[in-house]
Number of protein chains: 2
Amino acid sequence: MSTILVVDDEPQIRRALRTALSAHGYATIEAGAGEAALDAAASRQPDLVVLDLGLPDIDGVEVIERLRGWSDVPVIVLSVRDDQAGKVKALDAGADDYLTKPFAMEELLARVRAALRRTERPGSAPATLRFGPLAVDLARRLVTDDGELVHLTPTEYDLLEALLTNPGKLLTHAWLLRRVWGPNYGDESHYLRVYVRQLRQKLRDDASSPVYILTEPGVGYRWLPDPDPDPLRT
Amino acid sequence: MSTILVVDDEPQIRRALRTALSAHGYATIEAGAGEAALDAAASRQPDLVVLDLGLPDIDGVEVIERLRGWSDVPVIVLSVRDDQAGKVKALDAGADDYLTKPFAMEELLARVRAALRRTERPGSAPATLRFGPLAVDLARRLVTDDGELVHLTPTEYDLLEALLTNPGKLLTHAWLLRRVWGPNYGDESHYLRVYVRQLRQKLRDDASSPVYILTEPGVGYRWLPDPDPDPLRT
DNA sequence: GCGGGCCGTCAAGATGTCATAAAGATCGAC
DNA sequence: GTCGATCTTTATGACATCTTGACGGCCCGC
């Protein structure tokens with residue numbers, strides 16, 4: 001089941017969206033303002049965001065920009081204004097779609113399906129990724145090493161997930177902090193040191209000759225191996 | 001450069017779209033009917049399809065369905081009809097977006113950018129530049145030489161990026177210093193000597209007979225080779 | 001051929017970052 | 001309220017990178 005974050009300052013609109021979405025089998029999270037939306041996107045990791053541009057605290061376009069700093073979650077924008085410039089700005093800031101209020105709920109649902117369909121396909125969502133002796137079940141948040149269950153705290157797991165879902169990519173300190181700790185973080189790189197250390201210890205990795213997590217001094221960290229090809233498929 | 005397949009039975013609309021798209025740096029292919037569109041999508045492998053639903057031979061929704069049988073290329077639908085049922089049908093058939101005529105060209109372009117941005121991400125377009133044995137993946141910040149990972153410090157990488165994103169161009173000392181070290185620099189050409197030296201060493205380049213970085217005495221440096229053509233495309 | 005400037009090369013010190021360990025602070029379960 | 005687990009914070013030595021200075025070679029003008 002997919003989880004959708006609904007961001008709108010008007011409770012009755014949130015309610016209408018929640019009703020329609022849950023009737024179609026989606027779980028919903030709600031936020032009434034921009035900061036709360038960013039927090040929720042970080043902590044709850046929704047599969048899609050429905051975002052009203054008119055928010056009380058921060059401009060909707062800024063919400064998109066800040067979200068895109070650490071997340072690729074699809075964003076469908078709602079707006080009362082039908083101006084072209086606003087559409088272009090929101091789409092170029094990183095929105096995936098733009099609907100003008102009032103809109104037909106059927107159309108929103110179809111656009112939600114289209115957006116979710118896109119993120120489903122690539123990688124065909126292999127429930128469990130393997131890297132040599134290491135296996136990570138993303139759906140169950142379970143990690144095993146040589147078949148033995150590795151116990152990770154929530155933060156440790158979030159960090160591991162952020163790393164291994166971007167194999168080969170250099171992830172900066174600020175990106176990792178925002179992705180794991182939330183949008184209000186970015187300078188606390190000592191957190192990363194502590195948690196990378198714990199992860200490496202639990203995965204039997206060595207900082208000086210790493211198999212999994214490579215330190216890029218002054219910049220960030222990099223998950224080294226690509227996932228093993230799925231032996232069940234051909 | 002991205003290639004866009006424009007499907008519409010009215011030549012003047014094709015012409016308008018072609019003009020606008022090529023003015024923004026896209027290559028265009030055109031088709032006036034459904035069968036021709038499917039042929040073109042198969043043989044030319046466009047990065048995006050702009051599809052008018054009203055086609056003379058087959059229904060636009062059927063075009064989408066048949067296309068989706070073997071391709072995940074993003075499809076933006078254009079239609080004169082504003083009916084909800086049609087939108088839902090087209091989106092559920094596999095379309096990524098739906099615009100009602102008449103539409104603002106600026107909006108279409110923004111939606112094109114949004115659709116292309118999404119497909120950039122996954123492995124399909126690695127965005128990796130090759131220069132003989134050297135491969136630079138700008139998105140992952142990854143440099144390999146003969147398949148071996150080359151470790152670069154942040155400054156070294158920034159300098160490399162500044163050079164190879166301007167192949168053949170003469171880059172002055174002051175320009176490079178400002179680009180890599182920031183706007184308050186410009187006279188410290190000594191820095192460049194040290195870091196160019198380190199880059200050359202790591203890339204196995206020789207100052208006296210350079211393959212990559214050419215010294216232009218008294219002026220600056222020049223990245224010699226153009227990127228190799230992508231062997232995956234034709 | 002002589003000197004000055006520019007470049008390439010090397011290496012050492014300064015600076016900041018990282019790995020590691022361990023001590024407080026916080027939170028939730030019971 | 002106590003306990004255990006987790007998160008946050010702090011301290012220290014080790015390390016990587018950046019900065020800086022020194023030196024020799026080369027080219028060019030004089």
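To find a chain, count down the sequence lines: A is the first, B the second, and so on, and within it residues start at 1. Below, all heavy atoms of this structure are taken into account, side chains as well, without hydrogens, waters or symmetry copies.
When rounded to the nearest whole Å, the span between CG of D206(A) and P of dA14(D) equals 17 Å. Whole-Å rounding puts the D187(A) CG to dC18(C) P distance at 13 Å. Taking atom OH of Y157(B) as the reference point, atom P of dC18(D) lies 15 Å away to the nearest angstrom. Rounded to a whole Å, the CD atom of Q201(B) is 11 Å from the P atom of dA11(C). Atom CD of E188(A) is separated from atom P of dC7(D) by 15 Å (rounded to the nearest Å). The separation between D205(B) atom CG and dT9(C) atom C1' is 15 Å, rounded to whole Å. A straight line from CD of E216(A) to C1' of dA19(C) spans 16 Å, rounded to a whole angstrom. Atom-to-atom, CG of L177(A) to P of dT9(D) comes out at 12 Å; the value is rounded to the nearest Å.
Looking at the side chain of T153(B), the nearest of the listed nucleotides dT17(D), dT19(D), dA19(C) is dT17(D). In this structure, of dG21(D), dG8(C), dT8(D), it is dT8(D) that holds the atom nearest to the side chain of Y195(A). Ranking dT20(D), dT8(D), dT17(D) by closeness to the H190(B) side chain, first place goes to dT20(D).
A salt bridge links D158(B) with R141(B): the closest approach of a Lys/Arg side-chain nitrogen to an acidic carboxylate oxygen falls below 4.0 angstrom.
In terms of phosphate contacts, H151(A) brings a side-chain nitrogen or oxygen within less than 4.0 Å of OP1 or OP2 of dT6(D). Between S208(A) and dA19(C), a side-chain N or O to OP1/OP2 separation shorter than 4.0 Å is absent. Regarding contacts with the backbone of dT8(D), a side-chain N or O of W181(A) is found under 4.0 angstrom from either OP1 or OP2. Applying the 4.0 Å criterion to OP1 and OP2 of dG16(C), one finds that H173(A) has every side-chain N and O outside that range. Distances shorter than 4.0 Å separate none of the side-chain N or O atoms of Y191(A) from OP1 or OP2 on dA19(C). Phosphate proximity of dG8(C) to Y221(B): present, with a side-chain N or O under 4.0 Å from OP1 or OP2. Contact between the side-chain N/O atoms of T155(A) and the OP1/OP2 oxygens of dC7(D) is found at a separation under 4.0 Å. In this structure, R193(B) does not reach the dG8(C) phosphate: none of its side-chain N or O atoms is under 4.0 Å from OP1 or OP2.
Side-chain contact between R179(A) and T165(A) is present, with heavy atoms from C-beta onward closer than 4.5 Å. Looking at heavy atoms from C-beta onward, I4(A) lies out of side-chain contact with P46(A) at the 4.5 angstrom threshold.
Mapping V196(B) and T215(A) onto DNA chain C via the closest heavy atom, the residue that lands nearer the 5' end is V196(B).
N166(B) places no side-chain N or O within donor-acceptor distance of the main-chain N or O of K169(B), the cut-off being under 3.5 Å.
E156(A) and Q198(A) share a donor-acceptor pair across their side chains, judged by distance under 3.5 Å alone.
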